[in-house]
Amino acid sequence: MSTAKRAISDHDIKRLMRCGVAEVIVEAELAKLLRSGRKLRLKEGFDPSFPDIHLGHMVALKKLRQFQEMGHQVILIVGDWTGRIGDPSGASVTRPMLSAEQVKANAETYLKQFFKIVNKGKTEVRWQSEWYDKFTLGDVIQLTSKFTIAQLLARDDFSKRYRAGQPITMTEFLYPLLQAYDSVAIQADVEFGGTDQKFNLLMGRELQSMVGQHPQQLFLVPILAGTDGQQKVSKSLGNYIGVAEPPEEIYGKVMSIPDSLIMQYFELVTDVSDQELAEFRQALEHDTVNPMELKKRLAREIIVQLYSQKEVSQAEEHFTRVVQNKEMPDEIRQVNITEELLQKIKGRKMTEDGFLAGIREVGSPDETTEWCVSVPLLLCEIGLAKSRSDAKRLIAQESVRIDGKTIYETNSNIRVGSIIKVGPRRWVQMIG
RNA sequence: GGAGGGGUGCCGGAGUGGUUAAUCGGAGCAGACUGUAAAUCUGCCGCCUGGAAGGGCUACGCAGGUUCGAAUCCUGCCCCCUCCA
């Protein structure tokens with residue numbers, strides 16, 4: 001039997017179970033396990049229908065790493081079966097079944113991000129299909145016979161929907177059961193999850209004891225609010241910060257969270273010390289700090305965990321320059337001026353005295369040629385507007401600039417090297 | 001098997017014959033303001049055409065029909081949900 005590498009102090013245990021933790025079930029038992037010196041099996045599940053890891057996940061993953069550092073074993077479960085059902089929490093929209101290839105691709109994406117935070121060497125990756133592919137109808141019946149409808153309806157989410165006359169499918173009821181069985185299959189000692197997973201994790205506990213295993217402990221972490229400050233993080237709302245996003249993007253998104261969320265983010269996804277957090281809280285309350293400064297710090301703290309120090313500075317520089325000083329970013333998308341493009345956007349070559357007729361003579365761009373083009377068509381073609389109507393609106397709103405000049409007219413001149421800017425942060429450079 | 005409810009724009013959700021490209025909210029976009037991409041305020045928010053005023057097209061599950069005119073009425077079909085058995 002393997003053991004954790006060192007004895008653990010009560011102080012360590014306390015720290016582990018306090019910061020960034022919503023609830024531990026059962027605290028005393030987990031503490032006992034930790035003290036036993038045994039190498040614990042820590043379960044973390046992942047639903048391959050959504051492969052991106054965001055800051056909300058980081059709360060639990062950071063905890064996993066802390067446990068790993070104390071010598072424990074992480075078992076990551078790829079929910080290739082439950083992923084097909086879709087997590088019932090929230091509105092019941094039946095998800096399309098994922099194909100095997102999709103699941104595999106998603107899992108790959110996920111793992112790459114997962115191991116940005118969690119130690120790969122101390123992680124065992126298991127697929128649900130390892131056991132569920134062999135499941136027979138008999139097995140399913142046996143599993144379902146262990147739980148009652150009343151038990152499942154005890155879940156707040158289910159009972160609400162039931163009372164409201166909203167549909168609940170059988171497969172949704174199956175979801176917690178499968179998740180519970182996972183714990184049995186891998187003999188989990190501790191399962192990690194957000195507070196919204198409490199019910200499901202408890203089912204695991206229950207099932208384990210029914211089959212004679214020692215029931216797992218639950219380690220529940222708080223749910224991080226979405227960047228919009230009110231909604232739960234969701235893909236369709238796009239209100240989350242993905243750990244795989246480029247540093248500048250993360251920086252920007254952090255700056256875009258409502259000021260009211262600053263402390264929550266600090267507490268849950270950074271390693272800033274308690275004393276400093278207290279200072280921040282004070283400062284915010286007494287208005288002695290510009291919240292923006294704190295957010296900048298927050299952004300740095302988050303990015304440094306995912307990238308190097310160098311990228312942190314770059315991201316910050318980028319923000320200062322592009323957002324605060326409204327200057328041009330380092331790298332902007334470039335679009336070739338081709339004959340084809342010019343034709344599409346009704347480009348006409350300029351001479352000193354006026355226009356040349358279209359189609360011919362548009363080619364062979366050189367540094368000095370200028371073309372008079374239809375701006376709405378141009379914006380559409382280079383992807384800065386969704387449609388011509390959209391482009392016209394943007395012009396009417398005086399948000400389109402070419403080489404620094406605001407465009408008010410439908411037609412305007414461009415040449416090789418022209419910089420097209422729409423709104424505060426959409427840039428394109430025309431090249432030859 | 002029986003009874004009932006419903007399918008509207010990215011999402012939620014109004015609207016029961018014309019003044020409805022369709023109230024409102026959210027999201028999104030733009031502008032103002034701010035040493036934040038925060039908060040707040042304002043505007044925009046189907047597509048095409050026009051410099052603009054305007055014009056045209058497409059749209060309220062699908063297919064027909066009634067009507068000068070339909071998201072709204074009728075017929076058929078498809079789909080979804082709840083309850084009782």
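Chain A is the first sequence line, chain B the second, and so forth, proteins listed ahead of strands; every chain is numbered from 1.
Proximity of A:R401 to the phosphate of B:rA30: no side-chain N or O atom is located under 4.0 Å from OP1 or OP2. Within the 4.0 Å cut-off from OP1 or OP2 of B:rA38, not a single side-chain nitrogen or oxygen of A:S260 is found. Checking the phosphate oxygens (OP1, OP2) of B:rA38, no side-chain nitrogen or oxygen of A:S256 falls inside 4.0 Å. Residue A:R393 has no polar side-chain atom (N or O) positioned under 4.0 Å from OP1 or OP2 of B:rC29. At the phosphate of B:rA30, OP1 or OP2 sits under 4.0 Å from a side-chain N or O atom of A:R426.
Per the geometry, NZ belonging to A:K326 stands 11 Å off P belonging to B:rG35, to the nearest Å. One atom, CG of A:N325, and another, C1' of B:rU36, lie 13 Å apart when rounded to the nearest Å. For the pair A:K392 NZ and B:rC47 P, the computed distance is 11 Å after rounding to whole Å. Going from atom CD1 of A:I395 over to atom P of B:rA52 covers 9 Å, rounded to whole Å. When rounded to the nearest whole Å, the span between NZ of A:K253 and P of B:rG28 equals 11 Å. Note: CD1 (A:I262) to P (B:rU36) measures 13 Å, nearest angstrom.
No hydrogens or angles considered: a donor-acceptor pair under 3.5 Å links the side chains of A:T169 and A:E172. A donor-acceptor pair shorter than 3.5 Å cannot be found between the side chains of A:E191 and A:Q217.
Residue side chain A:K296 does not reach the base of B:rG35 through any donor-acceptor N/O pair under 3.5 Å, judged by distance alone. One cannot find a donor-acceptor pair under 3.5 Å joining the base of B:rG31 and the side-chain atoms of A:E398. Evaluation of atom-type donor-acceptor distances gives a pair under 3.5 Å for the side chain of A:R425 against the base of B:rA37. Remark: the A:N290 side chain and the B:rU36 base include no donor-acceptor N/O pair separated by less than 3.5 Å.
In RNA chain B, runs of at least 3 stacked Watson-Crick or G-U pairs (N1-N3 plus N6-O4 or O6-N4, or N1-O2 plus O6-N3, all under 3.5 Å) give these stems: B:1-7 with B:78-84, B:10-12 with B:24-26, B:28-32 with B:40-44, B:46-49 with B:54-57, B:61-65 with B:73-77.
Side-chain proximity of A:R388 to the nucleotides B:rC48, B:rG35, B:rA37 is greatest for B:rC48. Considering only side-chain atoms of A:S399, the nucleotide from B:rG31, B:rG51, B:rU36 that sits closest is B:rG31. Nearest nucleotide to the side chain of A:K295, out of B:rU36, B:rG31, B:rC47: B:rU36. Nearest to the side-chain atoms of A:F319 among the listed nucleotides B:rU49, B:rA30, B:rA37 stands B:rA37.
Among the heavy atoms of the strands, none lies under 4.0 Å from A:R297. Within 4.0 Å (heavy atoms only), A:Y162 reaches sugar-phosphate atoms of the nucleic acid but no base atom. In this structure, A:Y251 reaches neither bases nor backbone, as no heavy-atom distance under 4.0 Å exists between it and the strands shown. Residue contacts for A:S389: at a heavy-atom cut-off of 4.0 Å it reaches a base atom on one of the strands shown. Note on A:I257: only backbone sugar-phosphate atoms sit closer than 4.0 angstrom, heavy atoms only; bases stay farther off. At a threshold of 4.0 angstrom between heavy atoms, the contacts of A:G423 are confined to the sugar-phosphate backbone, with no base atom among them.
The 5' end of RNA chain B is approached more closely, in terms of each residue's nearest nucleotide, by A:P424 than by the other of A:P424 and A:E409.
Classified by interplanar angle (parallel below 30°, tilted 30° to 60°, perpendicular above 60°), the ring pair A:F135/A:Y181 is perpendicular.
In this structure, the ring of A:F46 has its center no less than 6.0 angstrom from the ring center of A:F114. For an aromatic pair to be called close, the ring centres must be under 6.0 Å apart, and A:F192 with A:F67 satisfies this.
Ion pairing between A:D80 and A:K104 fails under the 4.0 Å rule for side-chain N and carboxylate O. Salt-bridge annotation for A:R297 and A:E293: absent, with no side-chain N of the basic residue lying under 4.0 Å from a carboxylate O of the acidic one. In this structure, A:R415 does not pair ionically with A:E370, as no charged nitrogen and carboxylate oxygen lie closer than 4.0 Å.
Judged by the 6.0 Å distance and 45° axis criteria, A:R155 is positioned over the aromatic ring of A:F158.
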